[in-house]
Structures are given as C-alpha cells and as structure tokens.
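Heavy atoms only: backbone and side chains are in, while hydrogens, waters and symmetry mates are out.
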Amino acid sequence: MVRMSDVPNPTHPIVLPEKPALEGLEAKWNAVWEREGTFRFDASAPRERVFSVDTPPPTVSGSLHVGHVFSYTHTDVVARFQRMRGKAVFYPMGWDDNGLPTERRVQNYYGVRCEPSLPYDPAFVPPDKPGKQPVSVSRPNFIELCNRLTAEDEKAFEHLWRHLGLSVDWTRTYATIGRRAQRVSQAAFLRLLAKGTAYQLEAPTLWDVDFRTAVAQAELEDREQPGAYHRIRFARGGGAYVDIETTRPELIPACVALVAHPDDERYKPLFGTTVETPLFGVQVPVRAHVLADPEKGSGIAMICTFGDVTDVTWWRELALPVRAVIAANGTLRPIVWGSEGWASGDAARAQAAYDQLATLSAAKARARIVELLKEAGALIGEPRPITHPVKFYEKGDRPLEIVTSRQWFIKTMDFQADLISRGRELRWHPEYMQHRYENWVNGLTGDWCISRQRFFGVPFPVWYPVRADGSYDYANPIVPDESRLPIDPSTDVPDGYTAAQREVPGGFAGDPDVMDTWATSSLTPQIASGWLEDEDLFSRVFPMDVRPQAHDIIRTWLFDTVLRAQLEHGTLPWRNAAISGWVLDPDRKKMSKSKGNVVTPMALLEEHGSDGVRYWAASGRPGTDTAFDPAQMKVGRRLAMKLLNAARFSLMQAEPRGAITEPLDRGMLTRLSRLVADATEMLDAYDYARVLERTEAFFWGFCDDYLEMVKSRRYGDFGPEAAASANSAMLVALSAMLRLFAPYLPFVTEEVWSWWRPGSVHTAAWPTPEDVVAPIGGADAAAADVYGPAQEALALVRQRKALEKRPVKSVVTRAVLPAALSGLGPAARDVQAATHVRDLSFAAVAEAVIEFEEPASPAAR
RNA sequence: GGGCGCGUGGCUCAGCGGUAGAGCAUUCGCUUCACACGCGAGGGGUCGGUGGUUCGAUUCCACCCGCGCCCACCA
C-alpha cells in the first residue's frame, strides 16, 4: 500500500512545467519563504526542541567573498537538517560593524578623521568625494557616519545571503555596535568589575603606533622583516668593555641593564657590576637571567624599556627601572637629560646625542643613531643584515611597540584550568581542532587586554572622580546602575553629578576608551539570545547548540566566547563547535582580497545558480581547506537540473499506482532506506559533505539505472500492476530523495516539491528509514540484494553495445551473463526490457556472451 | 623548537585490514519517446619513502621526506 502521505493531495494536483528550468528559482522561492515565514523561529518551543546557532556576524566593513559563502553554507545545511527533524531552529544573523575595520573604511569612504576634542555638529554633511586632507569630525559625528555606512553594507549583505538561500530568521538580527550589544557588553563588563575579574592597570602594553591603541596577545602576528644585528660596545671603565648585539640600537637610551645567562662563564665576573651606555653615558647593571641565550649574538643582551616582550619579562623579574623613549605615535619622545631620573655621566653629551633622535620614528632614529655610534667608535664592524620575525598587530602596517599605559584587563590566567576542561567538554567538529584550542590556552602569558584607544566601539561604562588637583582617581571608578545601560560616559553623566561637573575638580571624567571588538563579539551567544532583555527567549536558546566558525579565530572568537560564558554563567556557551576550513585559490593560498584573487560571490551565484554554488561549498569537509573550484559548481548545477528532469519523468505519468510488488522496486527502496539511516547519523555528526556525496551517488544510480530499467514497465508494457508498482515506488523514492537533498539544494528541491506536494519541503519531516520502507511492509533484504546485480547486468550489455559501436536501441538476440548475477529472478525482466535483449540467461560464463541481430540485408527485403 | 592536518590516476577529492573509487579532464560512440545543461563506454594509479605488525597494508605502528596551518622568550 502506498501511504496517503505519498499520494499527491487532491487539492494539490500534479502540475508539471513543460520545460523545467533553474533560472529565477532564487527570487521566486525567497519571496515565498519570506511571505510564509518559513524560517521564523518558534519562540514557544521548549528548550529540548530548539536548535540554536551562534551565527558568526560577518564584518560588514569588508565585502563578502567566497569564503563566507563556503562556510555559511555548511551551517545552513545543518540548520535545515535540524529544522526538518522537527527542531525550532534559532538562526539569527549578526553584523560585526564594531571596531577598527569600520573606522578605517569610514575614514577612507568619506575622507574624515575622528577628533574627539571637537563638539558634535548636528548639521555636518560629509564631503561628496573624499578630499586630499581628511576633514576632522567629532566623535558623535564620526559614529553617525559609521552607522550610516554599515547600514548600507548590511542591506547588501542580507541580499546576498538571501540569494544564497541561508535559512536565517531575518527578524532576528543584531549589530555588534547596536544598542543590545552595547548593553550586554557593558553589563557583562560591570559584573566582572564588581567581581574583580576585570581590572585596570598601568603597564607595558602591546601598542600599534599607527592606530595608537593597545592590542591583545591574540591579535598579534609575526611577519618576516629585514633587520640587522648591530654590535655595540659598552664601556666597563679602565679601558675594558663588553659588546652586545641588537637589532634596535635606537633603544640604547632606553637601556636599563645588560643580561647574560647565570651559567655563562664569560660574563659571570660582570654580574653585579655596571657598564656605561655608549653616547648617553648611563650606568646600567649587568644581571643574570635564565632566558638569556648564550648562543645568541654575543651571549649578552641589553634590556630596554621596551624593545620586545622578553624585555618586559626581564624588566619585571629583575625589578628594573623604566626609561621609556617610544611615544604613543611611534616616535622617540623629547627628553631632558638630568631630570626625571635621566641621569648620565655627561648630561650635555647625552642631550646632544638624544636631540638628534627625538621626534624621529623608530626606523629613522635607528639610521641616525648608527651614524652617531659609528662616529663615537661604539659600533663594532658593519651591521649584519638578517631577516627576522617581528610582531605586528594583525591589521597594522608597522611593527608593534611596547608602551606603558593604563588599560583594562579581564583575568584569564586564573581560569586556565577551567577553560581547558570546558574545551574538553565541547564537541569539536572535526575533533582535532580541539588541539588548537588547548595549545592556545596553555600558551597564554597574560590577562586579556580589552581596552582600545579608539572611537567606534562600545565605551567603558565608567567615570572617574576628578581630584582637587585635576588628576583622575582611577582606583575608584564611578559605575552606573545596570538599568541605565548602555551609556556613553563621554556624554552621559553619572548619578549624583551634573553635566557642569565634567572634568572639573570635584567632578567626574568619562573613561575615554572603547572595548576591544572581541570583548563584544565574545558575547554573541548572549546578545543573540536576549540575555538581560528577554529571559524567556534566553532560557530556550542558551547555551546554544552550535558555534560555526573558521579555524583561524579559535584563539580569539572561540576562546573569548568560552571565557565569557564561563565567567558569567559558569557554562559552555554552546555544545558543539563546527569548524570550517578556508577557501584556497588554485595555488593553495588562502583567498584574500590583497592577493586580488577574490571572486564576487553574487556573480558566482548568478552564473552557477545558488544550488550549484552550495553544492561545491557543501562538498568541503568540516575543517578542511578547500580549493575554489567552479567546475564543482557546474556539477552542482547539473545535479539540480537532473533533479528537475528526473522528477518530471517520475511525475509525468504517475498513474496507475498501487502495491509495490516488483523486486527491483522493493530493492531500490530498501537501499534508499539504508541511505537515509546513514545520512541521518552522519548529519547528526556534522558530516554533511559525506551525506551529499552518498545521496548524490544513489540518485545518479536511480536515474541512470533504476529509471531506465523500469521505464518500459511503468509505461505499461507488462500490465497495470507492474506499472503501478513502479509508479508508486518512484514517488516514494522521489519524496525521500528530495528531502535528503533539501538542505543542500534548497531552491530546486522546493521547486520540485511544489509540483506535487503541499507546503514547503524545508518544513517537511526529515525522512526516516522506516518511512521509506513502510509502503513495502518493511525492509526487503532479499530484494535489496537484487539491486546491485541488476545494475551490473545492465552495465554488461551496455558495455558490449559500446564496444561494438552499436546504437543503444539495437536489438540483442541473446545475452548470457555470468551466473553470479543469476539471483536477479523476476527483476531480470526489467534488465531485459531496458537493454533490448530478447533472450536473457545466466550461466557459468567467465565473460558475458552477447549476440546481436544482424541487420536484414537489402536483398532480403 | 612545539602542536595539528595533509601527501591516492592530468585536476579536485573519497575510501581505509582482504583483488584500487568518484567527479572533472581526455578518447570512442549514441537525435534513446525525463533530460544534448543529455546518455553509454574506454584509457589512465607500484595509494610520498623506508622499515615493522599481520596469512594479507593504500588502510595499523615507527622513522624519514614534502606541503600547509597554528603556537613559541624572535636580544
């Protein structure tokens, strides 16, 4: 019996297009889905029926590229699968418009520059075209421009995502600079502050001299840079000396000590003595520390405040003084020798030397000091050019400096053990990505610096009392009540104060900094889930089910999010982490804009169809970098086309229908039910690529072999009952296959579904193995064993025809096939009909024997 | 220096203890009444190298080579 659910509903008669086509399906179905609210989240669903996704908010200041299309498709496949399994899918979309990339884009786009000291100008209109000189604008004006440009970007992004077919609930979007994100970021921060988990500290901090902001350890990258070892002579008195090697001679005025390994016999006698810096005549101690490498350079190094992070370690552990020379803008700051502890044996000479360096950038100062050292005879030999890795801010253009400044930190070092165990609790897809996380957590060297000296970001919601002398009392910040959030301390006034008291003695001053963009995006689960705003929603979707993201930001976004959830809720933010790879260009390099190899996603979607592009994307296995391959998109498009045609064939003569009795039909369905079982299990494990591969292989076999074999029978050549069996089986199979393909090829499957079934395939129930074999009264293992041999028998006859270059329809008088195939039984009739074999038999032959009918000679006619 | 991943036909990739697979490309053939955005068939690989475990290894183990990514205190 065919179950009613697989019989076309009378109110939905089968309506087939004359010539099915893929063109225009995206627009057609997106409009319907939007109208019907197909992907709207059911906010009344209990937690156990919810599947929630912590969608990565794309950076709107950039443009979307194929890498986005790739990874977002993976997430969408999983979301659609879960929806079909009956889950209420919480699938929001965020926009990451917060932070430096947006600032930079706004500066270039409008030709402006933020000048926080300026007052707000409500009448400000940006220039039509950016001028040569940037226009200075106030911070509120600047933020307005950021908001304006990102709003436009977000529209373009949404259009592309819809065209791609992401089943996002578009009523649930957020922006990382939006009110909700600010409120969550500020509230979470204040709670950490109250617990003492957030703190501020004046300390040496990694500093980008162009952006003039602190940056975090996670935002560093190494770049190979040309440099040179300079051998520099320090005098020990009495004509003795010691030589050090350095790549940064311009920091000699910032030198506070020399250091060598405690076991280094060469320098043991110097420990505890002092030496004199060249040019500046400063007495600095020689100290011992195990980090000093006897093999490197001369085995003894100078410690400066601060040349690199090792200097910071030495400075801290050896309790050395600070003599900082690098200013926030990366130049050497003016210094008056003889004051502020800038002692020298010859202050006049030191001043004269230093004056030639002051206000120069580090690079220029380096060139200058080399000349001075040469003249003074302190440079030994010529500088030896080397290439060495130098730390950069990942978005920066010049090497990082280390500058002492007051910054906010979130404690991480105290929680390393908790973070490791949370990482083990999380289910990683693929599993090996967990190593990267543990690697990072174990390698942490300091707490997380979350303050940035920038403008377009979430402000720190604190003020400081201004003392009588005008200085700020940082130790006693004034905090707002959580109910007031979000606030901007540069415009809002703390309770108990008036606006007139801003920055006057006895009054208050706002914290000028904004939070690191990761300090906000580490809260995307809370922001998206309605934490503090909609506790009912929050309880239904948090902790979320999955965080999809790429592997390059495990150390930032993933780690930070785990940290924040641990600190605030004491839980994981989600149960699963689904890690995508990158899209590589054919040269095996990561595709990026700078390499000029990025293809516009919309052009791809238009050329290959969204389903075609999704097919390529979905074939990229979790975590695996995948080559950009338009050929695969063509294959995907062809698959979509094949679905249209195979469905049309199956549906074009859907009568008569009835009991599925024929072995081939029963075998095909039993095979299909096994596929459904495997597919479900694999999708549960996020192995979407394998499911697509398996489903596709089955489908092509269905088209090329099964449909060809039953064609004659379904046309009625063997009576109505045999035809009914074929017709019914085809419809059951089509229904299941459409649902298996639906997460991957949402447009073509919806189109075909609409020809004969009510509702959307995307809200139809995911097939179960039991569903598929229910119409044949359960799995038929014997029939399933016939399916493969039937395909083989078909192949043998086809092969012979091809080898003899006979037309497909040429008649074979007799075919003797290997006895191994003899189990075909009644199914042999279908093979016979499909291959035009009059007399089909099976015998113990090594090779198939196939005899053709000779064409009748003209004479005989 | 540490960690992780990868090395299978020209290309892109599956497979993973028992006689090598797919798609693309290539060659040959086919106006076959769902589809020429199609259909059928052929050729093409000592599964990076060397050892080991095993009756048997592309598949497990060890070492090595190559590629990629992540991390590292890079004076």
Side-chain angles (χ1 to χ4, degrees), chain A residues 16 19-22 220-222 224-225 227 229-230 244-248 251 258-260 289-293 296-304 307-314 386-391 430 432-440 442-443 445 551-552 554-555 581-582 584 586 588-590 609 612 616 619-621 623-632 634-635 637-653 689-690 693-694 696-697 700 703-704 707-708 711 715 794-795 797-810 834 836:
Chain A
L16 297 180
K19 185 86 181 167
L22 297 171
L220 302 186
E221 67 182 30
D222 287 351
E224 286 292 331
Q225 294 288 308
Y229 276 125
H230 303 74
I244 61 104
E245 293 205 347
T246 180
T247 54
R248 300 203 60 185
L251 294 180
L258 300 191
V259 65
H289 194 280
V290 287
L291 278 183
D293 183 353
K296 214 168 270 179
S298 59
I300 185 164
M302 72 171 180
I303 303 173
C304 304
D308 62 28
V309 292
T310 316
D311 279 344
V312 178
T313 307
W314 280 328
I386 53 157
T387 302
H388 63 150
V390 175
K391 287 194 190 307
Y432 61 75
M433 287 295 175
Q434 194 206 327
H435 294 292
R436 296 207 186 184
Y437 173 89
E438 286 207 12
N439 224 345
W440 175 252
N442 286 326
T445 57
H551 53 62
D552 55 331
I554 288 174
R555 66 172 177 166
W582 282 337
L584 306 178
R588 307 265 79 189
K589 295 279 187 283
K590 184 192 178 189
W616 159 76
S619 65
R621 310 185 108 70
T624 305
D625 295 345
T626 300
F628 174 69
D629 191 357
Q632 282 304 106
K634 290 192 172 72
V635 172
R637 185 177 174 79
R638 213 177 50 178
L639 172 63
M641 199 68 212
K642 193 75 175 176
L643 261 171
L644 288 179
N645 284 310
R648 201 173 95 88
F649 173 75
S650 300
L651 295 167
M652 69 193 302
Q653 187 180 316
R690 197 189 304 248
E693 188 183 300
R694 297 275 305 273
E696 185 191 11
W700 282 106
C703 292
D704 295 342
L707 289 183
E708 290 302 327
K711 195 176 269 183
Y715 280 129
L794 184 61
V797 181
R798 282 172 170 169
Q799 180 186 45
R800 185 57 58 92
K801 285 183 180 175
L803 289 176
E804 299 200 8
K805 298 196 194 308
R806 304 241 183 201
V808 178
K809 292 194 78 175
S810 55
H836 307 97

Touch class at under 4.0 angstrom, heavy-atom based, for [X] against every strand present:
X	value
A/Asp311	nothing
A/Met641	base
A/Cys304	nothing
A/Arg800	nothing
A/Ala292	base
A/Asn442	nothing
A/Lys391	base
A/Lys296	base
A/Trp700	sugar-phosphate
A/Arg690	sugar-phosphate

Salt bridge present between A/Arg621 and A/Glu693 (N-O < 4.0 angstrom):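 Yes, charged N to carboxylate O under 4.0 Å.
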Pair assignment for [N], Watson-Crick or G-U wobble, requiring both distances under 3.5 Å:
N	value
B/G21	B/C13
B/C67	B/G5
B/A75	none
B/C35	none
B/A41	B/U27
B/U53	none

Contact pattern, 5' to 3', of nucleotides 2-7 of chain B - B, S or - by protein heavy atom under 4.0 Å: BSSS--
With a 4.0 Å limit, can you tell me whether [X] has a side-chain N or O closer than that to the phosphate oxygens OP1/OP2 of [N]?
X	N	answer
A/Lys642	B/C39	yes
A/Lys19	B/C35	no
A/Arg798	B/C30	no
A/Tyr229	B/A75	yes
A/His388	B/A75	yes

From the list [options], which nucleotide is the closest neighbour of the side chain of [X]?
X	options	value
A/Val808	B/A72, B/C37, B/C30	B/C30
A/Gln799	B/A41, B/A34, B/A75	B/A41
A/Val635	B/A75, B/C73, B/C24	B/C24
A/Thr247	B/C71, B/A34, B/A75	B/A75
A/Asp222	B/C71, B/C73, B/A72	B/A72
A/Arg638	B/C28, B/C37, B/A41	B/C37
A/Trp582	B/C70, B/A14, B/C39	B/C70
A/Lys711	B/C69, B/A34, B/C73	B/A34

Nearest-nucleotide 5' precedence on RNA chain B, A/Glu696 against A/Ser619: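 In this pair, the answer is A/Ser619.
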Report the distance from atom CG of A/Asn645 to atom P of B/G38, rounded to the nearest whole Å.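 These atoms are roughly 9 Å apart.
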For the C1' atoms, the ones on B/C73 and on B/G15, what distance do you get once it is rounded to whole angstrom?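 Rounded to whole Å, the distance is 44 Å.
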Criterion side-chain contact (heavy atoms from CB on, under 4.5 Å) on A/Trp314 and A/Thr310, from CA distance to verdict: CA-CA 6 Å; A/Trp314 280 328; A/Thr310 316; 3.7 Å; yes
No-H, no-angle donor-acceptor pair, A/Glu708 side chain to B/A34 base, under 3.5 Å: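 Side chain to base: pair present.
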Give a yes or no answer on whether the side chain of A/Lys801 reaches the backbone of A/Ser810 with a donor-acceptor pair at less than 3.5 Å.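 Yes.
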Can you confirm whether A/Phe628 sits close enough to A/Leu584 that some side-chain heavy atom of one is under 4.5 Å from a side-chain heavy atom of the other?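 In short, these two side chains do not touch, never coming nearer than 4.5 Å.
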Minimum heavy-atom separation for A/Asp704 and A/Arg798, please, with both atom names.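 Closest approach of A/Asp704 to A/Arg798, heavy atoms only: O-NH2, 2.8 Å.
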